[in-house]
2 protein chains.
Amino acid sequence: MMGIMGRWQSGASGRLKDAALGLFLTQGYDGTTVAEIAAAAGLTERTFFRHFADKREVLFVDQDEFERVFLSGLPERAEDPMTMIVGVLDGAAALFPEDRRPWSRARRSVIAANEALQERELLKMSSLAMALTRALTARGVDAASAALAAETCVTVFRTSFALWVAEGERRTFTEIQNAVLARLQALLT
Amino acid sequence: MMGIMGRWQSGASGRLKDAALGLFLTQGYDGTTVAEIAAAAGLTERTFFRHFADKREVLFVDQDEFERVFLSGLPERAEDPMTMIVGVLDGAAALFPEDRRPWSRARRSVIAANEALQERELLKMSSLAMALTRALTARGVDAASAALAAETCVTVFRTSFALWVAEGERRTFTEIQNAVLARLQALLT
DNA sequence: TGGGTGATGTCAGTTACTGACATGACGCTA
DNA sequence: TAGCGTCATGTCAGTAACTGACATCACCCA
């Protein structure tokens, strides 16, 4: 472990993430420079860019872990696409317990206030859909159906997530997501 | 009236668009500076940024016109969401006649090679979905169904477009899109 | 005890983007 | 025809995101 005054305190990446989110919440994303974030974490601007590919990425590194867990909910056995998608959605819902809702709201408010951050979030969702598409084709689903099923799966998740952070504490994520899926099926009948 | 034109040579915006696309195709997006684009169009960097909000936008200004036409395919009378969506998709297909396919391919290749451009495209699609959501709610559809229907509509369009530029000249856009929609309905049964 | 490794600092440089102000052609009007 | 206002453009200085090259310093290990 490191001494208090050591040049290298551990958890540089985590400190940068915390400092960034805090500054974004108080000053806004555009009103915060990378140099400020780094200084708040006791580091330099150059070090920030060694931990994150760009300024936006500091809010999205956790998303990579999310993608991994999200995809792990996919059944190994090849069944019909719809069954697999439901499996993924059930697994995803478990990632958003009730006590994470306030944190998700705060984060959401930062992203909602900035178009550049929305772009990055959309890219992450797109990458998620593409990964899901690959996983489905690897399980024998034809390319067109796989792309469609994956996109639909992500759409259901995104819509459910938006409702979950927007509404009160009435329904759990799972309940919301089941309702969204049922509604989509009704819509296309 | 040339109110919209410049005073010396007209069509500054168009010249910048053409120069940009040409340079992106030969040098790549990252390998091309805004100063180069402006010089190729006989203008200065500063003028480029008076016509386009940022470097990426030069490839997406046409998209705004596209959004307008896309939404104009929405029936005025309030029917069920599914019927309205089919109307929008039919109208959208008319925007992509066979002779536009090579141009779409070229443009697609530039965007596919750069993540920043993909982000912008996703943002445009998202804005399209939100506009469609608003239009649907304005026609009496409840918020949740409207969001879901709009997202699904855009998903079908995007999937169809991807297939259209990817495959040969066998099927028209309309044929592809109808097949995609049918497949989605079968998927969710 | 000395060297290798890896995370950090330092610094110079490029490029996207912006604000402030100057300029020069065009249209309008007296 | 002269004068005047407008507006797209040019010029210039400045900020901030990001990068490459090289130095430094703590830690581990032989």
Side-chain angles (χ1 to χ4, degrees), chain A residues 1-21 23-24 26-61 110-111 113-120 123, chain B residues 1-21 23-24 26-61 110-111 113-120 123:
Chain A
M1 297 316 280
M2 339 257 56
I4 284 182
M5 297 305 288
R7 181 180 180 185
W8 296 327
Q9 301 177 3
S10 59
S13 173
R15 263 156 44 223
L16 286 167
K17 280 195 291 186
D18 292 344
L21 186 56
L23 288 169
F24 293 163
T26 59
Q27 310 179 345
Y29 177 80
D30 283 331
T32 305
T33 68
V34 173
E36 276 180 303
I37 300 169
L43 296 166
T44 64
E45 192 183 0
R46 191 65 183 86
T47 298
F48 178 95
F49 286 111
R50 288 204 180 93
H51 284 273
F52 310 103
D54 56 49
K55 183 183 173 187
R56 284 175 281 168
E57 199 64 14
V58 71
L59 282 174
F60 292 95
V61 273
V110 173
I111 295 176
N114 188 278
E115 277 211 337
L117 294 175
Q118 294 164 43
E119 285 186 326
R120 181 55 51 86
L123 188 69
Chain B
M1 284 307 291
M2 324 242 94
I4 223 168
M5 311 285 204
R7 301 120 51 214
W8 287 358
Q9 299 173 3
S10 58
S13 174
R15 265 160 36 227
L16 286 167
K17 281 195 290 185
D18 292 343
L21 186 56
L23 289 169
F24 292 163
T26 59
Q27 311 178 344
Y29 177 80
D30 284 330
T32 306
T33 69
V34 173
E36 276 180 302
I37 299 169
L43 296 165
T44 64
E45 191 181 1
R46 190 67 183 88
T47 298
F48 178 96
F49 287 111
R50 287 205 179 91
H51 283 273
F52 309 102
D54 56 50
K55 183 183 173 187
R56 283 174 282 167
E57 200 63 16
V58 72
L59 281 175
F60 292 95
V61 273
V110 172
I111 295 177
N114 189 279
E115 278 211 336
L117 295 175
Q118 293 165 43
E119 285 186 327
R120 180 55 50 86
L123 188 70

Using whole Å, report how far CD1 of B:Ile37 lies from P of C:dC17. 10 Å
Cation-pi between A:Lys55 and A:Tyr29: NZ/CZ under 6.0 Å from ring centre and within 45° of the ring axis? yes
Start with the C-alpha gap between B:Val58 and B:Phe24, add the side-chain angles, then the distance that decides, and say whether side-chain contact (heavy atoms from CB on, under 4.5 Å) holds. CA-CA 11 Å; B:Val58 72; B:Phe24 292 163; 4.0 Å; yes
The side chain of A:Arg46 is closest to which nucleotide in this list: C:dC17, C:dC11, C:dG19? C:dC11
The reported gap from CD1 in A:Ile37 to CZ in A:Phe48 (rounded to nearest 0.5 angstrom) is 4.5 Å
Determine whether any donor atom in the side chain of A:Arg50 lies under 3.5 Å from an acceptor atom in the base of C:dG9, or the reverse, and answer yes or no. yes
Interatomic distance, B:Phe52 CZ vs C:dT18 P [rounded to whole Å]: 14 Å
Over how many whole Å does the gap from A:Asn114 atom CG to D:dA16 atom P extend? 16 Å
Atom of A:His51, atom of A:Ala12 and distance for their closest heavy-atom approach: NE2-CB, 3.8 Å
Using whole Å, report how far NZ of B:Lys55 lies from P of C:dT18. 15 Å
Could you state the CG-C1' distance from B:Asp30 to C:dA16, rounded to the nearest angstrom? 12 Å
How is A:Ser13 classified with respect to the nucleic acid when contacts are heavy atoms under 4.0 Å: base, sugar-phosphate, or nothing? nothing
CZ of A:Arg56 versus C1' of D:dC18: gap in Å, rounded? 12 Å
Side chain of B:Leu43 - closest among D:dA17, C:dC17, D:dG10: D:dG10
Rounded at 0.5 Å granularity, tell me how far CD in B:Glu57 sits from NZ in B:Lys17. 11.0 Å
Specify the separation, in whole Å, of atom CD of B:Glu45 and atom P of D:dT9. 15 Å
Looking at A:Thr47, does any N or O in its side chain come under 4.0 Å of the phosphate oxygens OP1/OP2 on C:dG9? yes
When the distance from CG of B:Leu16 to P of D:dT9 is rounded to whole Å, what number comes out? 8 Å
Can you find a side chain N or O atom of B:Thr44 that sits less than 4.0 Å from OP1 or OP2 on D:dG10? yes
Output yes when at least one side-chain N/O atom of A:His51 is less than 4.0 Å from OP1 or OP2 of C:dT8, else no. yes
